[in-house]
Amino acid sequence: MIKINRIDHLILTVQDIEKTCQFYSEVLGMQVYTFLGDRKGLKFGNQTIRLHQFKKEFEPKAYYPTPGSADICLISETPLEQVIEHLKLHQVEIVEGPLPRTGSIGTLESVYIRDPDLNLIEVSNYKS
(Lines give C-alpha, C1' and ligand atoms only; values in the text may rest on other atoms or scores of the structure.)
Protein backbone atom coordinates (compact mmCIF):
# COMPACT_ATOMS: atom_id res chain seq x y z
CA MET A 1 0.00 0.00 0.00
CA ILE A 2 1.17 3.53 -0.79
CA LYS A 3 0.68 6.25 1.82
CA ILE A 4 0.58 9.76 0.29
CA ASN A 5 1.51 12.53 2.73
CA ARG A 6 0.90 15.84 0.91
CA ILE A 7 1.03 17.71 -2.37
CA ASP A 8 4.48 19.11 -3.14
CA HIS A 9 3.65 21.10 -6.27
CA LEU A 10 1.15 21.40 -9.05
CA ILE A 11 1.46 22.79 -12.56
CA LEU A 12 -0.62 25.58 -14.06
CA THR A 13 -0.59 25.99 -17.82
CA VAL A 14 -0.86 29.71 -18.53
CA GLN A 15 -1.04 32.11 -21.48
CA ASP A 16 1.37 34.68 -20.01
CA ILE A 17 3.87 33.63 -17.33
CA GLU A 18 4.85 37.20 -16.38
CA LYS A 19 1.21 38.29 -15.98
CA THR A 20 0.53 35.17 -13.89
CA CYS A 21 3.59 35.82 -11.69
CA GLN A 22 2.49 39.41 -11.15
CA PHE A 23 -1.06 38.38 -10.15
CA TYR A 24 -0.02 35.62 -7.75
CA SER A 25 2.74 37.69 -6.14
CA GLU A 26 0.91 41.02 -5.85
CA VAL A 27 -2.62 39.78 -5.17
CA LEU A 28 -1.98 36.52 -3.28
CA GLY A 29 1.45 37.23 -1.77
CA MET A 30 3.26 34.26 -3.30
CA GLN A 31 6.99 34.40 -3.95
CA VAL A 32 8.06 34.09 -7.58
CA TYR A 33 11.13 31.91 -8.06
CA THR A 34 13.22 30.67 -10.97
CA PHE A 35 14.47 27.10 -11.26
CA LEU A 36 16.23 24.92 -13.82
CA GLY A 37 17.49 27.91 -15.78
CA ASP A 38 14.50 30.06 -16.71
CA ARG A 39 11.45 28.11 -15.48
CA LYS A 40 9.12 30.00 -13.14
CA GLY A 41 7.21 28.96 -10.07
CA LEU A 42 5.29 30.41 -7.14
CA LYS A 43 6.12 29.51 -3.51
CA PHE A 44 3.73 29.67 -0.58
CA GLY A 45 4.02 27.76 2.70
CA ASN A 46 5.70 24.42 1.92
CA GLN A 47 4.15 24.16 -1.55
CA THR A 48 4.75 25.49 -5.03
CA ILE A 49 2.84 26.10 -8.20
CA ARG A 50 5.01 25.64 -11.26
CA LEU A 51 4.12 27.42 -14.46
CA HIS A 52 4.08 26.08 -18.00
CA GLN A 53 3.66 28.36 -20.97
CA PHE A 54 0.72 27.20 -23.11
CA LYS A 55 1.93 25.33 -26.22
CA LYS A 56 5.51 25.31 -24.80
CA GLU A 57 4.96 22.90 -21.90
CA PHE A 58 7.74 20.77 -20.47
CA GLU A 59 7.58 16.98 -20.78
CA PRO A 60 6.01 15.07 -19.28
CA LYS A 61 2.87 17.16 -19.12
CA ALA A 62 -0.87 16.82 -18.59
CA TYR A 63 -2.64 15.08 -21.43
CA TYR A 64 -4.63 18.21 -22.31
CA PRO A 65 -2.77 21.18 -20.78
CA THR A 66 -5.18 24.10 -20.97
CA PRO A 67 -5.12 27.58 -19.45
CA GLY A 68 -8.14 28.26 -17.27
CA SER A 69 -8.99 24.66 -16.37
CA ALA A 70 -7.85 24.71 -12.71
CA ASP A 71 -9.98 25.06 -9.60
CA ILE A 72 -7.76 25.53 -6.54
CA CYS A 73 -8.53 26.18 -2.87
CA LEU A 74 -5.88 28.15 -0.97
CA ILE A 75 -5.93 28.42 2.82
CA SER A 76 -5.01 31.89 4.07
CA GLU A 77 -3.70 32.84 7.51
CA THR A 78 -5.07 36.34 6.85
CA PRO A 79 -8.63 36.81 8.12
CA LEU A 80 -11.11 36.69 5.24
CA GLU A 81 -12.31 40.26 5.91
CA GLN A 82 -8.76 41.50 5.28
CA VAL A 83 -8.45 39.25 2.21
CA ILE A 84 -11.60 40.86 0.79
CA GLU A 85 -10.24 44.38 1.41
CA HIS A 86 -6.92 43.44 -0.22
CA LEU A 87 -8.71 42.04 -3.27
CA LYS A 88 -10.72 45.27 -3.56
CA LEU A 89 -7.49 47.33 -3.40
CA HIS A 90 -6.16 45.30 -6.34
CA GLN A 91 -9.48 45.60 -8.19
CA VAL A 92 -9.94 41.83 -8.21
CA GLU A 93 -13.59 40.86 -8.60
CA ILE A 94 -14.99 38.43 -6.08
CA VAL A 95 -16.95 35.89 -8.12
CA GLU A 96 -18.73 34.45 -5.10
CA GLY A 97 -18.59 34.66 -1.33
CA PRO A 98 -17.94 34.81 1.43
CA LEU A 99 -19.65 31.44 1.78
CA PRO A 100 -19.34 28.41 4.08
CA ARG A 101 -17.63 25.45 2.42
CA THR A 102 -16.26 22.05 3.37
CA GLY A 103 -12.47 21.71 3.50
CA SER A 104 -10.22 18.70 3.94
CA ILE A 105 -10.16 19.01 7.74
CA GLY A 106 -13.23 21.07 8.61
CA THR A 107 -15.51 23.95 7.72
CA LEU A 108 -14.19 26.83 5.62
CA GLU A 109 -15.32 30.35 4.88
CA SER A 110 -14.37 31.13 1.28
CA VAL A 111 -14.32 33.76 -1.44
CA TYR A 112 -13.81 32.91 -5.12
CA ILE A 113 -11.79 34.93 -7.63
CA ARG A 114 -10.33 34.30 -11.08
CA ASP A 115 -6.68 34.59 -12.08
CA PRO A 116 -5.51 36.03 -15.44
CA ASP A 117 -6.28 32.70 -17.19
CA LEU A 118 -9.73 32.51 -15.55
CA ASN A 119 -8.75 29.64 -13.25
CA LEU A 120 -11.09 29.56 -10.26
CA ILE A 121 -9.20 30.40 -7.08
CA GLU A 122 -10.89 29.85 -3.72
CA VAL A 123 -9.28 31.75 -0.84
CA SER A 124 -10.40 30.36 2.50
CA ASN A 125 -10.07 30.43 6.28
CA TYR A 126 -10.83 27.44 8.47
CA LYS A 127 -13.56 28.22 10.99
CA SER A 128 -12.63 27.54 14.61
Side-chain angles (χ1 to χ4, degrees):
M1 174 182 275
I2 296 175
K3 182 179 177 185
I4 302 297
N5 181 296
R6 63 186 169 91
I7 293 174
D8 181 79
H9 67 274
L10 59 89
I11 306 295
L12 278 184
T13 301
V14 302
Q15 292 283 355
D16 184 326
I17 288 181
E18 292 310 313
K19 190 181 218 181
T20 299
C21 287
Q22 182 179 5
F23 176 85
Y24 281 88
S25 64
E26 291 179 10
V27 175
L28 297 176
M30 294 183 187
Q31 177 189 356
V32 177
Y33 74 103
T34 304
F35 65 104
L36 295 177
D38 63 349
R39 293 177 64 178
K40 295 289 184 188
L42 306 157
K43 287 186 181 194
F44 59 102
N46 292 322
Q47 294 78 226
T48 62
I49 296 173
R50 295 182 180 169
L51 304 175
H52 282 189
Q53 179 72 46
F54 184 53
K55 302 231 183 229
K56 296 180 183 176
E57 298 87 2
F58 297 96
E59 295 291 342
K61 63 181 182 276
Y63 199 74
Y64 292 111
T66 307
S69 63
D71 182 341
I72 303 169
C73 179
L74 302 171
I75 303 302
S76 176
E77 294 177 5
T78 306
L80 208 55
E81 298 77 26
Q82 290 177 30
V83 169
I84 291 167
E85 288 304 314
H86 182 77
L87 294 171
K88 287 179 184 176
L89 282 174
H90 286 275
Q91 301 176 345
V92 175
E93 178 186 357
I94 295 174
V95 175
E96 227 179 284
L99 298 167
R101 293 291 188 240
T102 302
S104 295
I105 58 171
T107 303
L108 301 170
E109 185 173 22
S110 303
V111 294
Y112 293 85
I113 61 175
R114 296 217 179 256
D115 74 4
D117 287 291
L118 303 178
N119 292 301
L120 186 64
I121 308 299
E122 179 180 355
V123 181
S124 304
N125 291 156
Y126 271 101
K127 306 276 279 177
S128 330

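Judged by the 6.0 Å and 45° rule, Arg50 forms a cation-pi pair with Phe35.
The structure places NE2 of His90 at 10.5 Å from CD1 of Ile113, a figure rounded to the nearest 0.5 Å. Atom CG of Asp71 sits about 4.5 Å away from atom CG of Leu120, to the nearest 0.5 Å. Rounded to the nearest 0.5 angstrom, Ile17 CD1 and Lys40 NZ are separated by 8.5 Å. With values rounded to the nearest 0.5 angstrom, Leu87 atom CG is found 12.0 Å from Gln82 atom CD. Remark: Asp117 CG to Thr13 OG1 distance equals 9.0 Å, nearest 0.5 Å. One distance of note links OG of Ser110 with CD1 of Ile75; it measures 7.0 Å at 0.5 Å rounding.
The shortest distance between side-chain heavy atoms of Leu51 and Cys21 falls below 4.5 Å. Taking the side chain as every heavy atom from C-beta outward, Ile84 and Ile94 approach each other to under 4.5 Å. At a threshold of 4.5 Å between non-hydrogen side-chain atoms, the residues Glu57 and Phe54 count as touching. Annotation: side chain of Asp115 is in contact with side chain of Leu12 (closest heavy-atom distance under 4.5 Å). Counting only heavy atoms from C-beta outward, the side chains of Arg114 and Ile121 never approach each other to under 4.5 Å. Side-chain contact between Phe58 and Pro65 is absent, with no heavy atoms from C-beta onward closer than 4.5 Å. No side-chain heavy atom of Thr102 sits under 4.5 Å from any side-chain heavy atom of Thr107.
Of all heavy-atom pairs spanning Leu42 and Met30, the tightest one is CB-SD, 3.9 Å. The minimum heavy-atom distance between Pro67 and Val14, with the atom names listed, is CG-C, 4.2 Å. Of all heavy-atom pairs spanning Phe23 and Pro116, the tightest one is CG-CD, 3.5 Å. Between Lys127 and Leu108, the shortest heavy-atom contact is CG-C, 4.0 Å. Of all non-hydrogen atoms in Glu26 and His86, the two that sit nearest each other are O-NE2, 3.3 Å.
Judged purely by atom type and a 3.5 angstrom limit, Thr78 has no side-chain atom pairing as donor or acceptor with the backbone of Ser76. Distance alone, capped at 3.5 Å, places no donor-acceptor pair between the Glu122 side chain and the Val111 backbone.
Cluster membership for Leu80 and Tyr126, using ILVMFWY side-chain heavy atoms within less than 4.5 angstrom, is not shared. In this structure, Val123 is a member of the same hydrophobic cluster as Leu10, with clusters built from ILVMFWY side-chain heavy atoms closer than 4.5 Å. Hydrophobic clustering (ILVMFWY, side-chain heavy atoms < 4.5 Å, transitive): Phe44 and Tyr33 are in distinct clusters. Hydrophobic clustering of Ile, Leu, Val, Met, Phe, Trp and Tyr side chains at less than 4.5 Å, counting indirect connections, keeps Val83 apart from Val95. Note on Leu74: it does not cluster hydrophobically with Tyr112, by side-chain heavy-atom contacts below 4.5 Å among ILVMFWY residues.
Few gaps surround NZ on Lys61; more than 12 heavy atoms of other groups in view lie less than 6.0 Å from it. Leu36 CG: more than 12 foreign heavy atoms inside a 6.0 Å radius.
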